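These figures come from a predicted structure and were not determined experimentally. So that the names make sense, note that chain A is the first sequence line, chain B the second, and so on, each numbered from 1.
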Amino acid sequence: MPQKARERWGSRTGFLLAAIGSAIGLGNIWRFPAEAYKNGGGAFLLPYLIALLTAGLPLLILEYTVGRKYRRSPPAAFRQLAKPVQVIGWWQVAICFVIATYYSVILAWAVRYVGFSVGEQWGDNPEEFLFGDFLQAAETPGDVSGYVAGVFWPLLAVWLVVLVVLAFGVRRGIERANMLFIPLLVIFFAVLVIRALTLDGAAGGLDALFSPDWSALGEGSVWVAAYGQIFFSLSIGFGIMVTYASYLGRRADLSGSALVAGFANSSFEILAGIGVFATLGFMAQAEGVPVDEVATEGLGLAFVAFPTVISSMPTGWLFGLLFFVSLAIAGFTSLVSIVQVVVASVQDRTGMSRVPAVLSVGGLIAVVSLLLFSSDNGVWFLDASDHFINQYGIALAALVFVVVVAWWLRALPQLQEHANATSAVRLGKWWLFFLGLVTPLGLGWMMVDSLRSEFDENYGGFTDDFLLKYGWGVAIGALVVGILLSLIPWRHTDELPLSEPGRGSGPPTGGPGTSGTGTSGTGTAGTGTAGTTKNGTTRERGR
Amino acid sequence: MSAAAVTMMCIAIVIVWGGLVAAILRLRKHPDVPDDDASGEPV
């Protein structure tokens, strides 16, 4: 059967905006400001930047390098590193499946709240409106006992749009959507921040956020929080960046692009911090209470605190519109990238064409999402599964991957060479040191810290039974599914040419400025033949 | 806002947004070399 050429980004800007769109998500808006505030305020900047430079960026570069080198989604790319490592790839696919099911429902809520902002339909009590009127949440968390039409329909609409974008493919779907949405997001959020800064009390909010508490730097938990924030906000550890980088050209830059994406993500977080705390400062002043009494995060910030603020300011509906549209855009571009990991992995594994893969795989995720999260217990499932899949899915999979690549396969030097052949920023020994030592220590420390608090008290006050099913069960289930998927034997025709770590499908060694050398292979659309580069390494077949 | 808060806000903006600008400038000086199979048409 003739192999098809792998899809490609249309431009470097397109890839960068898609990578930035994936990284900038709900966590930038509703997690970073509160994390910074709770962990030393202005002083948090120091551990945050150290975590970005010593763990976030090195790991991001690693994922770009693996993706571009093997030009496959995580399972197939990791299988190229060494056969057993594909388990980690399938584990990440299962994690993405789980996250996509609940991440989409938050988007659906944001979309509904765009409408609710007009006329401030939450009335005098936004919290009661959220859990009662809108979500109709069961009083006691348990199994599904009913469905909420007000959540089901917008969730269905979100899924239809996501699937349409994915069906158009990498260049015409994902890239075009990000080229449109990311500039829009920046404009919308910038306008929102300017408005927030003109509110009475804004300075008080910013003072609370940026006043440094240097003593906090002596606390281990602050450093854990900084590494956690960087890790969760950069979209690393999901396999997303491996997947996105697999659509790069063989001579595309890696490390320079990672620096742009990493700093763009942090730049948006700083902007979000300013916008959110200026708004909270206004709320605190209006209610005559200190900022610490109104400072919140997550769902409470977006769907309770912001509606409260919107109701108490002139032309609040416009502010609400800007905020909830920004939230929806930030979430949408991230959701597309999460689902693409699953779709691309199934495509790479089965050879299925894009549209059938999107319809079957994406459709399955959509159905599970609708069945679980438009129910009256959706918000409780979301809370528990989000916490456990983050801590014992994403973070643990990333830790295992880094340890395997750095210490078991000892593949970092070859990957470093691969990245350096085409990159704007040369990776030195520092990259090996940070990835081999600092990143595993940072992630390991996060893991121990999180486990300790897990055994101190039940997360969110949920019962043991509920957490076993929808918390631990989801996280462990993702690992088990990953292992089972990796055990399905690959037919000979599915098999990609396996290579030793660092060998195979490498870029031409000529590096930048040597156009025309080393790419004499015939890996073009429809040929299905393995080509050979000038330096003798095997080029993988295009599919 | 206290002087310390203003200082930290300015430092945050300069380092993070400055880092973004520097990274973009660095990348612009290093354009990608096109591949011979860079058609990239979706399939």
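Every residue two or more places apart in sequence or in another chain that forms a ring pair (Phe, Tyr, Trp, His ring centres under 6.0 Å) with F277(A) is listed here: Y37(A). In this view, F263(A) satisfies the ring pair (Phe, Tyr, Trp, His ring centres under 6.0 Å) rule with no residue, not counting sequence neighbours.
Residue contact with chain B, scored on non-hydrogen atoms closer than 4.5 Å, involves the side chain of L49(A) exclusively. Both the backbone and the side chain of S257(A) have a heavy atom closer than 4.5 Å to some heavy atom of chain B. Interface remark: L45(A) contributes side-chain atoms only to the contact with chain B (heavy atom separation under 4.5 Å). With a 4.5 Å cut-off on non-hydrogen atoms, I274(A) touches chain B through its side chain but not through its backbone. Proximity to chain B (any heavy atom under 4.5 Å) is shown, for L271(A), by both the backbone and the side chain.
The most heavy-atom pairs under 4.5 Å with chain B, out of G273(A), G42(A), G281(A), A202(A), come from G42(A). Among S255(A), A252(A), S266(A), the residue with the largest count of heavy-atom pairs under 4.5 Å with chain B is A252(A). Among the candidates V260(A), L248(A), L259(A), the residue making the largest number of heavy-atom pairs closer than 4.5 Å to chain B is V260(A).
Side-chain N/O atoms of Y247(A) and E175(A) include no donor and acceptor closer than 3.5 Å.
The closest side-chain heavy-atom distance from V16(B) to L20(B) is not below 4.5 Å.
Distance alone, capped at 3.5 Å, places no donor-acceptor pair between the R26(B) side chain and the V425(A) backbone.
Between the CZ atom in F210(A) and the CE atom in M1(B) there is a gap of 6.5 Å [rounded to 0.5 Å].
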